[in-house]
Amino acid sequence: MKATQTTGLHDFLERQRWFTGKGREFTIESAHPLSWLSEPGAWPAVRVELVTVRYADGNGTALDVYQVPLSYHDEPAELLAHAAVSEWEEPDLGGVPVWVYDALHDKAATALLLHGLLDDVVKPDLAFHRLGTIEVARDESSLVLTAEQSNTSLVYGEDVLLKVFRRVHHGRNPDIEVHEAFARHDCGNVARLFGWLDAEWPDADGKRARGDLGMYSDFFRTATDGWELAITSVRDLYAEADLHADEVGGDFAGESHRLGATTAEVHADMARYLPTGEWGPEELTGLAAAMRGRLADSVAAVPALAPYAGGLRDAYDDLERSVGSMPVQHIHGDFHLGQAMRTVGGWRIIDFEGEPARAWEERGTLDSPIRDVAGMLRSFDYAAQHLLADHDRADEHQLSYRAAEWAERNRSAFCEGYGEVAGIDPRDHAVLLRAYETDKAVYEVVYEARTRPDWIGIPLAAVRRLAG
Ligand SMILES: Nc1ncnc2c1ncn2[C@@H]1O[C@H](COP(=O)(O)OP(=O)(O)O)[C@@H](O)[C@H]1O
Ligand SMILES: O=P(O)(O)O[C@H]1O[C@H](CO)[C@@H](O[C@H]2O[C@H](CO)[C@@H](O)[C@H](O)[C@H]2O)[C@H](O)[C@H]1O
C-alpha cells in the first residue's frame, strides 16, 4: 500500500466519531479491498475497504477491523469536501491520481448500496440478501443520520434505513440475527428487516470467514426516542416545584408502563424464536465471577469506586448463593431509553448489538432478560438525575427529592407493565435484579469517566445506594 493511502486512512479514522481508538496510538496494518460495487470504468469507482488497525498499547497485539466504504473520483468533488478522505494514486485504477471520499456521503455511491439489495447482487466476496419486497424508489437518495453513534446509518427517502457496521467481525451480527428471526416470524415491536450485506475476508491468520457489513430496515420517520421523551417529562416536573410527578402534565408513567409491556413481548418473542437455555449453579458461579472481575477492573480504572467495592460484591455473592438456577435466552444486552423509539403505533426497540465495550465473542450469548430490565431501570435513574448533574444542582435537596420520586414512579410503572405481560414482576427477582443493576452501574461509572466525566455522579450515586 502506498504511504499516502496509509496516512490518508489513518488521519481519516482519527477524525471519525465511530472510531473507538481515538486517543490511542495506532497504525494501519492493512487495507483489504472488497469487490468493486461500481461498473468497470465508471466514476466514481466505489468499494468497501476493510481497514485493520493495530494499537500500540496491549503489547501491540490488539487489532480492530473497520469498514470504510470509499468513492474514488477522477477529479475533486467540491460538494463532497466535508467527506474527503485523501488523494492518492490508486494501483487498482491504473495508478491514476484519485480524490477519495467517504462513500456514505456520496449519493452516487450510496445508490449502489441500495441497488445491490434491490437487485440481489452477489460478487465473489460479498452478497446482498433481500427479504421480501421493499417499497422504495430506485432513485431515492440517501441522507446520513446525524445522531451520535458507533455505526453510520443512512436513510433512503423516508422509509428505508441502512445501518453500516463500522467495526466488523467474522460471524453473525446479533442485530441482524434478532431482526431476521422477528421478520421471519412476523413479530412486531422492532423495525422490519429488509435485508443485509455480508462479505468474506481473511482474518489475522489468513483464514477466510464471513461477517455482516450492513443491515436494511424500516425507518421510523416520525418517532421520538425514549430518552428525549423522558427528559421532557423530567423538565416539566422541575418547572412545577410544588407538584408531584403524577400531577404534572408531562407525567411519563403511562409510557413507562407500555414500554415495560413491549419489552416483555420482545423478550417472549426472542425466547420463542431464538435459542434458550437454563443456567445452574456452575454457570451462576461463572456469572458472579464475571461480575466480580468487571468490578475489579473498574476499580482499577476508576479508584472512586474503591470504597464501595465490598458492598457491591455482596450483591454478586448473594446471586451465587441464593439463585440456584434461571432460564436464559437472547436479550438486548445494552438496553436503555435511547434504544426505544416511540412511534404512533407504540414503542419499538432498536439496536440489538449488545454493549459496545463487551468482547464480540460474548455479545449475543445467552443471558437473563433481567439484565435488560436492570438496564432500563438504570436509565430512568439517569433521566431523573441528568439535569441536576448538568447544572451542578445535585445538592439541592428539594430537586434531588423530586428526581428520586420521578425515577421511582417510572421504574415501578415499567416493572408493572413488564409483569402484566410476563406474568411475574421483575422486582420479585430481587437478588438477580440487584446484581444486574450493580453490574450496569459499575459499567456506567467507567463509561462516564471515559466519555462524560461531568455525569459520573449519576452512576456513582447508584453505586452508593446499591452498596448499601
Ligand atoms: N429504525 C429506526 N428508525 C428511526 N430512527 C432510528 C432507527 N434505528 C436507529 N435510529 C436512530 O439512530 C440512532 C442510532 O441507532 P443505533 O441502532 O442505536 O446505532 P448505534 O449502534 O450506532 O448506536 C438511534 O439513537 C435513533 O435515533
Ligand atoms: O447507545 P449505545 O449502545 O452506544 O450505549 C452506550 O452509550 C449510552 C449513552 O448514550 C450509555 O447509556 C448511559 O447513558 C444513557 C443516557 O445518555 C442512559 O439512559 C443509560 O441508562 C446509561 O447507561 C450506555 O451505557 C453505553 O453502553
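Note that ligands are numbered from 1 as they come in the structure, with each ligand's atoms numbered from 1 the same way.
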(message) Walk me through whether H386 and W455 qualify under ring-ring contact (aromatic ring centres under 6.0 Å, His included).
(response) CA-CA 7 Å; H386 88 287; W455 281 23; 5.7 Å; yes

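- With ligand atoms numbered from 1 in the order given, ligand 2 contributes 1 (O), 3 (O) to contacts under 4.0 Å with heavy atoms of Q339.
- Near Y443, with a cut-off below 4.0 Å to any heavy atom, the atoms of ligand 2 are 25 (O), 26 (C), 27 (O).
- Only side-chain heavy atoms of K440 come within less than 4.0 Å of ligand 2; its backbone N, CA, C and O stay farther off.
- Proximity to D218 (heavy-atom distance under 4.0 Å) selects the following atoms of ligand 1: 1 (N).
- Contacts between Q339 and ligand 1, counted as non-hydrogen atom pairs separated by less than 4.0 Å, involve the side chain only.
- Checked against a 3.5 angstrom limit, the closest N/O atoms of Y447 and ligand 2 fall inside it.
- Backbone and side-chain nitrogen or oxygen atoms of S379 are examined, and one is located within less than 3.5 angstrom of a nitrogen or oxygen of ligand 2.
- No cation-pi contact links R130 to W196, judged by a cut-off of 6.0 Å to the six-membered ring centre and 45° from its axis.
- Counting heavy atoms under 4.0 Å from ligand 1, residue E353 touches it through the side chain alone.
- Here's the thing with W455: none of its N/O atoms is less than 3.5 angstrom from an N/O atom of ligand 2.
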(request) Might you work through the ring-ring contact (aromatic ring centres under 6.0 Å, His included) test for F26 and H10, ending with a clear yes or no? (result) CA-CA 8 Å; F26 69 95; H10 185 283; 4.0 Å; yes

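- Residue contacts with ligand 1: S217 is placed with no nitrogen or oxygen under 3.5 Å of a nitrogen or oxygen of the ligand (distance criterion only).
- Under the 4.0 angstrom criterion for non-hydrogen atoms, S150 is in contact with ligand 1.
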(message) One pair to check against side-chain hydrogen bond (donor to acceptor under 3.5 Å, both in side chains): Y382 and H336. What are the steps and the verdict?
(response) CA-CA 10 Å; Y382 258 78; H336 56 80; over 6 Å; no

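- In this structure, R450 places its CZ atom where only 12 or fewer heavy-atom neighbours from other residues, nucleotides or ligands lie under 6.0 Å away.
- Partner of L70 under the side chain to side chain contact (heavy atoms under 4.5 Å, CB included) criterion, chosen from V85, V48, V51: V85.
- Nearest residue to atom 20 (C) of ligand 2 from E353, H336, M376 is H336 (criterion: closest heavy atom).
- Residue-environment remark: CD1 (I424) exceeds the threshold of 12 foreign heavy atoms within 6.0 Å.
- We find that E437 and R411 are joined by a salt bridge, their nearest charged nitrogen and carboxylate oxygen being less than 4.0 Å apart.
- Contact atoms of ligand 1 toward F219: 3 (N), 4 (C), 5 (N) (distance under 4.0 Å to a heavy atom of the residue).
- Some N or O of E444 is nearer than 3.5 Å to an N or O of ligand 2, by distance alone.
- Some N or O of R452 is nearer than 3.5 Å to an N or O of ligand 2, by distance alone.
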(request) List the steps, then state whether ring-ring contact (aromatic ring centres under 6.0 Å, His included) holds for H115 with F128. (result) CA-CA 10 Å; H115 297 165; F128 292 84; over 10 Å; no

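- Close N/O approach between M341 and ligand 1 is not found [any backbone or side-chain N/O within under 3.5 Å].
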(request) Apply ring-ring contact (aromatic ring centres under 6.0 Å, His included) to the pair F352 and H179, showing each step before the final yes or no. (result) CA-CA 8 Å; F352 290 80; H179 280 92; 5.5 Å; yes

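- The nearest non-hydrogen atom to atom 7 (C) of ligand 1, considering only N151, V160, L161, comes from L161.
- The proximity of L145 to ligand 1, defined as any non-hydrogen pair under 4.0 Å, is limited to the side chain.
- A salt bridge does not link R138 with E140: every distance from a Lys NZ or Arg NE/NH1/NH2 to an Asp or Glu carboxylate oxygen is 4.0 Å or more.
- Taking the ring centre of Y55 as origin, the terminal cationic atom of R24 falls inside the region bounded by 6.0 Å and 45° from the ring axis.
- When only interatomic distances are considered, the shortest N/O to N/O separation between K163 and ligand 1 falls below 3.5 Å.
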